[in-house]
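Read through the structure below, which is laid out as structure tokens, and then see the notes.
When a ligand or atom number is given, it counts from 1 through the structure's own listing order. Atom set for the values below is all heavy atoms of this structure, side chains included, hydrogens, waters and symmetry mates excluded.
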Amino acid sequence: MSTSPAGPDPAGAADVEREAARRRTTAVISHPDAGKSTLTEALALHAHALRQAGHVHGKGGRAGVVTDWQDMEKSRGISISSAVLQLHHRGHVVNVVDTPGHADFSEDTYRALTAVDAVVMLVDAARGMEAQTRKLFGVCRHRGLPVITVVNKWDRPGREALELLDEVEEVTGMRPTPLTWPVGVAGDFRGLLERGSGDYVRYTRAPGGATLAEEHRFPADRAEAAEPDAWPRALEEHELLREIGADHDEAEFLAGRSTPVLFTAAVANIGVAQVLDALVDVAPAPHRHGTADGGAVEVGDRFTAQVFKTQTGMNPAHRDRLAFARVRSGRFRRGMTVTDARTGRPLVLKHVQTVFGADRQTVDDAWPGDVIGLVNAKHVRVGDTLHDGSAVSFPPLPVFAPERFRVVRPLDLAQGKQFRQGLAELDSEGVVRLLTSTRRGEGEPVLAAVGDLQFDVVRHRMEHEFRSPVVLDELPYSVARVVDAEAEQLLRADRAAEVAAARDGTLFALFSDVWRVRAFARAHPEVRLDELVATD
Ligand code: GDP
């Protein structure tokens, strides 16, 4: 029996549960250049790509299944789009949600990660845990997501495998439990020891990586004869790992205390099938999700979904607005009427797509774990819960602490309408936060961001998409706290601070630095100054 307010899906909870059980929803996080696009393409090559999201590029002769979100982002001069690639592997559906690679978009990454159940953390074999990987991992830790680690570029000279494991453990605090182990040192990648079966899988690289690398499987007792130089060492290290207990443990992994590790050369399609296998075998299926009132929604309940991203102009050919929602429970059917829990408004889901960007397809059915793109759902905002049946709300998405502030004005005063509409749209997408300073008033809007690149996105999109080029003037603040009206009164007289209201009424007090915050707190111990989520 379900205890959720939504109640079981009338279409049949058993069907929904079966579909949910064969879904895996994940995202790849990595430092730029570690091979995220290459791995994503390789995953698509190995799996049957059901639907692809994002702008589809043909690159390097890889026909048909190439997705290069970053190219799309580059061509738009920005890096924010989250799209979804849907793959089919061994009777399972694997949804790969794209995340922005740059730490300036941590908040956007965080939102995209609310749509996934596990994360693939990609590490360059030579560079190890780079800065952005560390930051993005921190974001995953906030979400309590299980992490699968993939060490890529093993075909190139790099570090010792055991040394890389140490670094992963030191930085993340998770115990590395390799599922595959490289045969041959970095730069001389012969194949993989599959730790589950003990088999040796030898690869012969296909020229250019255009097709799958040829693979030959040897049972453990024939592996040494096949690979006399490299196998004994791999075997010895595998046994050492076993002795120290570095074997996969599902409960530890789901609790975020251990991370399965795989080795790949994504560019040569080596070790990639094992990554798909790991997603199917160890990554969690969609599961119950907590609601704002402390209850929970089971996957078999009536349809619920949460919006994690909205965006206009993803494709110049379709100048419309898409809201991306992750299905949490129940079956989505095209044409169904749902309610937006925030506004109470009904919404008929007629125009729904799973392929975003250049190539789109209408979706008729979707299940827990899937991401659907609602076309022109104008009033839907990031964080909104959509539900069928009685009211359910998922917890709001956290607001990351902005650290950069700018006053924005239109270059051309005659463009007032486009200026206001553009800013309102960018605010509702969460590209930046649009604030009205109590001191400056409506005429001088203030933009708040986590990282400077967000302002570049604003400049670019205001000029190219909303046809209202803007000028941004820096404000001397670096810290924001959420305050109430009482604090706002007190801060009015303070020349070193400023209070600004978000569109939902939240008041942000902006201070030049934490010393000012502390001085104010000391002078007014009765006033609440709420901190927001830090990015690290
Ligand atoms: P992203 O920025 O993380 O998406 O990285 P890309 O997928 O664009 O890859 C960055 C560069 O590394 C490209 O030149 C790729 O061809 C290369 N690359 C990716 N994976 C591998 C690999 O396994 N081996 C080698 N040698 N190069 C790789």
Side-chain angles (χ1 to χ4, degrees), residues 26-46 52-62 65-76 78-85 96-105 108-109 112 119-137 148-159 161 164 180 182-192 201 203-213 215 261-276 453:
T26 189
V28 183
I29 58 164
S30 77
H31 194 86
D33 269 359
K36 189 167 87 162
S37 322
T38 310
L39 178 72
T40 308
E41 286 171 18
L43 289 169
L45 194 68
H46 277 265
Q52 293 182 108
H55 202 93
V56 181
H57 287 255
K59 186 170 88 176
R62 296 181 173 211
V65 286
V66 182
T67 303
D68 195 341
W69 293 308
Q70 266 172 352
D71 262 5
M72 175 176 73
E73 288 164 354
K74 272 179 211 143
S75 70
R76 300 183 59 210
I78 57 168
S79 175
I80 48 162
S81 55
S82 282
V84 182
L85 181 69
V96 185
V97 178
D98 190 34
T99 56
H102 199 285
D104 275 15
F105 301 114
D108 211 54
T109 300
V119 157
V120 172
M121 179 172 79
L122 191 61
V123 178
D124 182 315
R127 297 170 187 264
M129 294 287 294
E130 294 173 89
Q132 311 254 358
T133 319
R134 290 171 191 236
K135 273 221 162 198
L136 294 168
F137 168 75
I148 295 174
T149 302
V150 172
V151 177
N152 188 36
K153 304 198 186 180
W154 199 257
D155 59 311
R156 288 233 301 250
R159 308 227 199 123
L164 281 161
T180 62
V183 178
V185 293
D188 183 22
F189 198 0
R190 309 279 176 92
L192 290 167
V201 185
Y203 292 91
T204 313
R205 203 179 150 159
T211 53
L212 303 184
E215 89 179 39
V261 182
L262 298 105
F263 291 80
T264 61
V267 78
N269 297 305
I270 294 176
V272 174
Q274 287 82 354
V275 175
L276 279 170
L453 283 179

Notebook entry, point to check: Counting distance only, does the side-chain N/O of T264 pair as donor-acceptor with the main-chain N or O of V272 below 3.5 Å?
Noted result: no
Margin query: Side chains of Y203 and L192, heavy atoms from C-beta outward: is any pair under 4.5 Å?
Written below: yes
Next item on the list: Of all the heavy-atom pairs spanning K153 and A125, show the shortest one and how long it is.
Entry: O-CB, 3.9 Å
Notebook entry, point to check: Any N/O of S37 closer than 3.5 Å to an N/O of ligand 1?
Noted result: yes
Notebook entry, point to check: Taking N or O atoms only and a 3.5 Å limit, does A266 qualify as a polar contact for ligand 1?
Noted result: yes
Notebook entry, point to check: Which atoms form the tightest heavy-atom contact between A126 and R159, and what is the distance?
Noted result: O-NE, 3.4 Å
Check: Which of the atoms in ligand 1, numbered in the order shown and given with their element, are less than 4.0 Å from a heavy-atom of P32?
Finding: 2 (O)
Next item on the list: Provide the number and element of each atom of ligand 1 under 4.0 Å from a heavy atom of S30.
Entry: 3 (O)
Item checked: More than 12 heavy atoms from other groups under 6.0 Å of CZ on R127 -> no
Margin query: Among V150, V267, D124, which one puts a heavy atom closest to atom 25 (C) of ligand 1?
Written below: V267
Notebook entry, point to check: Between K36 and ligand 1, does any nitrogen or oxygen pair lie at a separation below 3.5 Å?
Noted result: yes
Check: Taking both backbone and side-chain atoms of L39, is any N or O found less than 3.5 Å from an N or O belonging to ligand 1?
Finding: no
Check: Which ligand 1 atoms, with their elements, are less than 4.0 angstrom from a heavy-atom of T38?
Finding: 6 (P), 7 (O), 9 (O), 15 (C), 19 (C), 20 (N)
Note to self: Treating W154 as the side-chain partner and A161 as the backbone partner, does any N or O pair qualify as donor plus acceptor under 3.5 Å?
What the structure shows: no
Notebook entry, point to check: Counting only heavy atoms, which portion of D155 has something under 4.0 Å from ligand 1: side chain, backbone, both, or neither?
Noted result: side chain
Next item on the list: Mind checking whether N152 contacts ligand 1 via backbone (N, CA, C, O), side chain (CB onward), both or neither, at a 4.0 Å heavy-atom cut-off?
Entry: side chain
Next item on the list: Could you pull out the closest heavy-atom pair between I29 and F137, with the gap in Å?
Entry: CD1-N, 3.9 Å
Checklist line | Close-contact set for ligand 1 against A265 heavy atoms, below 4.0 Å | finding: 23 (O)
Check: For the side-chain contact (heavy atoms from CB on, under 4.5 Å) test, which of L122, N152, V96 pairs with L39?
Finding: L122
Next item on the list: With heavy atoms of D33 as the reference, note each atom of ligand 1 found under 4.0 Å away.
Entry: 1 (P), 2 (O), 3 (O), 5 (O), 10 (C), 12 (O)
